[in-house]
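Each ligand, and each atom within it, is numbered from 1 in the order the structure gives.
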Amino acid sequence: MAKLAVLASGNGTNFEALALALEGGAHRLVLLVHDRKDAYAQERAARLGIPSRYVTWAGRSREEAEAELGAALSEAGTELVALAGFMRLLSPAFVERWAGRLVNVHPSVLPAWPGVDSVRRSFDAGADEFGVTVHYVDSGMDTGQVIAQRKFRRWPGATLEAVETRVHELEHGLYPRVVLEMLDRVDAVRDRAAIGPGASGGPAEGGAR
Ligand code: GAR
(Lines give C-alpha, C1' and ligand atoms only; values in the text may rest on other atoms or scores of the structure.)
Protein backbone atom coordinates (compact mmCIF):
# COMPACT_ATOMS: atom_id res chain seq x y z
CA MET A 1 0.00 0.00 0.00
CA ALA A 2 1.35 3.44 -0.94
CA LYS A 3 0.11 6.73 0.49
CA LEU A 4 -0.95 9.68 -1.67
CA ALA A 5 -1.58 13.29 -0.60
CA VAL A 6 -3.23 15.88 -2.85
CA LEU A 7 -2.71 19.66 -2.86
CA ALA A 8 -5.57 21.77 -4.22
CA SER A 9 -6.64 25.40 -4.28
CA GLY A 10 -10.13 25.30 -5.74
CA ASN A 11 -12.98 23.19 -7.03
CA GLY A 12 -11.27 19.83 -6.61
CA THR A 13 -12.72 17.75 -9.46
CA ASN A 14 -9.28 16.24 -10.08
CA PHE A 15 -8.88 15.55 -6.37
CA GLU A 16 -12.21 13.73 -6.40
CA ALA A 17 -11.27 11.76 -9.54
CA LEU A 18 -8.10 10.61 -7.76
CA ALA A 19 -10.04 9.73 -4.60
CA LEU A 20 -12.59 7.66 -6.54
CA ALA A 21 -9.88 5.88 -8.53
CA LEU A 22 -8.14 4.81 -5.32
CA GLU A 23 -11.33 3.75 -3.51
CA GLY A 24 -11.31 0.08 -2.62
CA GLY A 25 -7.85 -0.43 -4.15
CA ALA A 26 -4.38 -1.14 -2.85
CA HIS A 27 -3.39 2.47 -2.14
CA ARG A 28 -4.69 5.22 0.15
CA LEU A 29 -5.42 8.92 -0.32
CA VAL A 30 -4.34 10.00 3.16
CA LEU A 31 -4.63 13.79 3.03
CA LEU A 32 -5.93 16.80 1.13
CA VAL A 33 -4.06 20.04 1.77
CA HIS A 34 -5.75 23.25 0.58
CA ASP A 35 -4.28 26.72 0.63
CA ARG A 36 -7.59 28.58 0.32
CA LYS A 37 -9.91 28.29 3.25
CA ASP A 38 -13.04 28.14 1.11
CA ALA A 39 -11.66 25.69 -1.49
CA TYR A 40 -14.56 23.47 -2.56
CA ALA A 41 -12.10 20.55 -2.65
CA GLN A 42 -12.30 20.56 1.13
CA GLU A 43 -16.07 19.87 1.02
CA ARG A 44 -15.46 17.01 -1.39
CA ALA A 45 -12.88 15.59 1.05
CA ALA A 46 -15.34 15.80 3.93
CA ARG A 47 -17.98 13.99 1.86
CA LEU A 48 -15.49 11.29 0.88
CA GLY A 49 -14.19 10.87 4.45
CA ILE A 50 -10.67 11.99 3.54
CA PRO A 51 -8.76 14.07 6.11
CA SER A 52 -8.03 17.60 5.00
CA ARG A 53 -5.86 20.38 6.29
CA TYR A 54 -5.83 24.09 5.54
CA VAL A 55 -2.34 25.60 5.24
CA THR A 56 -2.22 29.32 4.61
CA TRP A 57 0.49 31.10 2.63
CA ALA A 58 -0.99 34.51 3.52
CA GLY A 59 1.05 36.87 5.66
CA ARG A 60 4.10 34.63 5.99
CA SER A 61 7.08 33.47 4.01
CA ARG A 62 6.88 30.65 1.51
CA GLU A 63 9.41 28.73 3.63
CA GLU A 64 7.19 28.97 6.70
CA ALA A 65 4.12 27.79 4.79
CA GLU A 66 6.08 24.97 3.18
CA ALA A 67 7.45 23.89 6.56
CA GLU A 68 3.87 23.41 7.78
CA LEU A 69 2.95 21.67 4.53
CA GLY A 70 5.97 19.35 4.80
CA ALA A 71 5.14 18.48 8.40
CA ALA A 72 1.52 17.69 7.49
CA LEU A 73 2.65 15.46 4.63
CA SER A 74 5.14 13.62 6.85
CA GLU A 75 2.63 13.15 9.68
CA ALA A 76 0.25 11.52 7.20
CA GLY A 77 3.00 9.19 5.98
CA THR A 78 2.82 10.63 2.45
CA GLU A 79 4.89 8.89 -0.22
CA LEU A 80 3.59 10.65 -3.34
CA VAL A 81 2.17 14.17 -3.73
CA ALA A 82 -0.25 15.09 -6.52
CA LEU A 83 -1.05 18.74 -7.27
CA ALA A 84 -4.61 19.12 -8.50
CA GLY A 85 -5.38 22.75 -9.31
CA PHE A 86 -2.85 23.92 -6.71
CA MET A 87 -2.08 27.45 -7.85
CA ARG A 88 1.29 28.12 -6.23
CA LEU A 89 4.92 27.74 -7.14
CA LEU A 90 6.83 25.55 -4.70
CA SER A 91 10.39 26.44 -3.67
CA PRO A 92 13.45 24.68 -5.11
CA ALA A 93 14.15 23.20 -1.65
CA PHE A 94 10.66 21.71 -1.35
CA VAL A 95 10.73 20.38 -4.91
CA GLU A 96 14.15 18.84 -4.29
CA ARG A 97 12.89 17.18 -1.10
CA TRP A 98 10.07 15.50 -3.08
CA ALA A 99 11.95 14.95 -6.36
CA GLY A 100 10.37 12.19 -8.42
CA ARG A 101 7.37 12.02 -6.06
CA LEU A 102 5.69 15.33 -6.90
CA VAL A 103 3.35 15.50 -9.91
CA ASN A 104 0.90 17.92 -11.45
CA VAL A 105 -1.86 17.97 -14.03
CA HIS A 106 -2.10 20.93 -16.39
CA PRO A 107 -4.84 21.77 -18.90
CA SER A 108 -2.70 22.22 -22.03
CA VAL A 109 -0.22 20.34 -24.14
CA LEU A 110 2.90 21.67 -22.43
CA PRO A 111 5.18 23.46 -23.14
CA ALA A 112 2.32 25.36 -24.83
CA TRP A 113 0.21 27.57 -22.58
CA PRO A 114 1.75 27.25 -19.10
CA GLY A 115 0.33 29.28 -16.22
CA VAL A 116 -3.23 30.10 -15.21
CA ASP A 117 -6.37 30.11 -17.34
CA SER A 118 -4.68 28.08 -20.08
CA VAL A 119 -7.84 26.80 -21.75
CA ARG A 120 -9.49 30.20 -22.03
CA ARG A 121 -6.30 31.93 -23.18
CA SER A 122 -5.59 29.32 -25.84
CA PHE A 123 -9.21 29.24 -26.97
CA ASP A 124 -9.35 33.04 -27.28
CA ALA A 125 -6.05 33.05 -29.21
CA GLY A 126 -7.56 30.69 -31.79
CA ALA A 127 -5.45 27.63 -30.92
CA ASP A 128 -6.44 24.61 -32.99
CA GLU A 129 -5.20 22.06 -30.47
CA PHE A 130 -6.05 21.52 -26.80
CA GLY A 131 -5.16 18.89 -24.28
CA VAL A 132 -3.72 17.95 -20.93
CA THR A 133 -0.31 17.15 -19.46
CA VAL A 134 0.76 15.20 -16.39
CA HIS A 135 4.28 16.19 -15.39
CA TYR A 136 6.79 16.11 -12.59
CA VAL A 137 6.88 19.35 -10.64
CA ASP A 138 9.95 21.52 -10.58
CA SER A 139 10.24 25.04 -9.22
CA GLY A 140 9.25 26.66 -12.54
CA MET A 141 5.78 27.42 -13.86
CA ASP A 142 4.56 24.12 -15.38
CA THR A 143 8.09 23.34 -16.63
CA GLY A 144 8.80 19.91 -15.10
CA GLN A 145 9.46 16.76 -17.13
CA VAL A 146 6.39 15.50 -19.00
CA ILE A 147 5.04 12.08 -17.97
CA ALA A 148 1.95 11.79 -20.20
CA GLN A 149 -0.15 13.94 -22.54
CA ARG A 150 -3.46 13.72 -24.37
CA LYS A 151 -4.63 16.14 -27.05
CA PHE A 152 -7.51 16.86 -29.39
CA ARG A 153 -8.19 19.27 -32.22
CA ARG A 154 -10.63 22.18 -32.16
CA TRP A 155 -13.77 21.11 -33.96
CA PRO A 156 -16.04 23.38 -36.04
CA GLY A 157 -18.36 25.38 -33.83
CA ALA A 158 -16.52 24.46 -30.61
CA THR A 159 -17.41 26.67 -27.66
CA LEU A 160 -15.10 27.47 -24.76
CA GLU A 161 -17.42 25.59 -22.40
CA ALA A 162 -17.37 22.45 -24.56
CA VAL A 163 -13.58 22.54 -24.88
CA GLU A 164 -13.24 22.98 -21.11
CA THR A 165 -15.54 20.03 -20.52
CA ARG A 166 -13.47 17.85 -22.86
CA VAL A 167 -10.23 18.97 -21.16
CA HIS A 168 -11.63 18.04 -17.75
CA GLU A 169 -12.80 14.65 -19.02
CA LEU A 170 -9.28 13.96 -20.29
CA GLU A 171 -7.75 15.07 -16.99
CA HIS A 172 -10.09 12.89 -14.94
CA GLY A 173 -9.16 9.88 -17.08
CA LEU A 174 -5.43 10.41 -17.46
CA TYR A 175 -4.36 11.76 -14.07
CA PRO A 176 -5.68 8.89 -11.91
CA ARG A 177 -4.20 6.36 -14.34
CA VAL A 178 -0.72 7.92 -14.11
CA VAL A 179 -0.91 8.41 -10.34
CA LEU A 180 -2.00 4.79 -9.77
CA GLU A 181 0.97 3.56 -11.81
CA MET A 182 3.29 5.77 -9.76
CA LEU A 183 1.83 4.47 -6.50
CA ASP A 184 2.43 0.91 -7.71
CA ARG A 185 6.05 1.87 -8.37
CA VAL A 186 6.43 3.54 -4.95
CA ASP A 187 5.21 0.27 -3.42
CA ALA A 188 7.57 -1.85 -5.49
CA VAL A 189 10.62 0.32 -4.76
CA ARG A 190 9.85 0.33 -1.01
CA ASP A 191 9.40 -3.46 -0.99
CA ARG A 192 12.63 -3.97 -2.91
CA ALA A 193 14.46 -1.71 -0.43
CA ALA A 194 12.97 -3.71 2.47
CA ILE A 195 14.34 -6.99 1.15
CA GLY A 196 17.58 -5.55 -0.19
CA PRO A 197 21.09 -6.16 1.14
CA GLY A 198 21.51 -5.18 4.75
CA ALA A 199 17.79 -4.93 5.52
CA SER A 200 16.73 -6.99 8.51
CA GLY A 201 14.84 -10.10 7.50
CA GLY A 202 15.92 -9.72 3.89
CA PRO A 203 17.55 -12.44 1.82
CA ALA A 204 21.00 -10.87 2.30
CA GLU A 205 20.88 -11.74 6.01
CA GLY A 206 23.14 -14.63 6.75
CA GLY A 207 24.15 -14.79 3.12
CA ALA A 208 27.59 -14.30 1.64
CA ARG A 209 29.13 -10.88 2.40
C1 GAR B 1 -7.48 21.79 -13.68
O2 GAR B 1 -7.91 22.00 -14.98
C3 GAR B 1 -5.97 21.73 -13.60
O4 GAR B 1 -5.39 21.16 -14.75
C5 GAR B 1 -5.63 23.20 -13.51
O6 GAR B 1 -6.58 23.71 -12.62
C7 GAR B 1 -7.81 23.00 -12.80
C8 GAR B 1 -8.31 22.59 -11.43
O9 GAR B 1 -9.58 22.02 -11.54
N10 GAR B 1 -4.29 23.38 -13.06
C11 GAR B 1 -3.48 24.34 -13.53
O12 GAR B 1 -3.83 25.17 -14.33
C13 GAR B 1 -2.06 24.29 -12.98
N14 GAR B 1 -1.23 25.18 -13.66
P15 GAR B 1 -10.17 21.18 -10.34
O16 GAR B 1 -10.00 22.04 -9.07
O17 GAR B 1 -11.60 20.98 -10.67
O18 GAR B 1 -9.39 19.90 -10.22
My understanding is that only residues two or more places apart in sequence, or in another chain, count here; which of them pass salt bridge (Lys or Arg N to Asp or Glu O under 4.0 Å) with [X]?
{"X": "Asp35", "value": "Arg88"}
{"X": "Arg28", "value": "none"}
{"X": "Arg53", "value": "Glu68, Glu75"}

CE of Met87 to CG of Asp117: how many Å apart, nearest 0.5 Å? 8.0 Å

Could you check whether atom CD of Glu96 has more than 12 heavy atoms from other residues, nucleotides or ligands sitting under 6.0 Å from it? no

Taking Thr133's backbone N and O only, do any of them form a donor-acceptor pair with His106's side chain (distance below 3.5 Å, no angle check)? no

Per-ligand residue contacts, ligand 1, heavy-atom threshold under 4.0 Å: Asn11, Gly12, Thr13, Asn14, Gly85, Met87, Val105, His106, Pro107, Gly115, Asp142, His168, Glu171

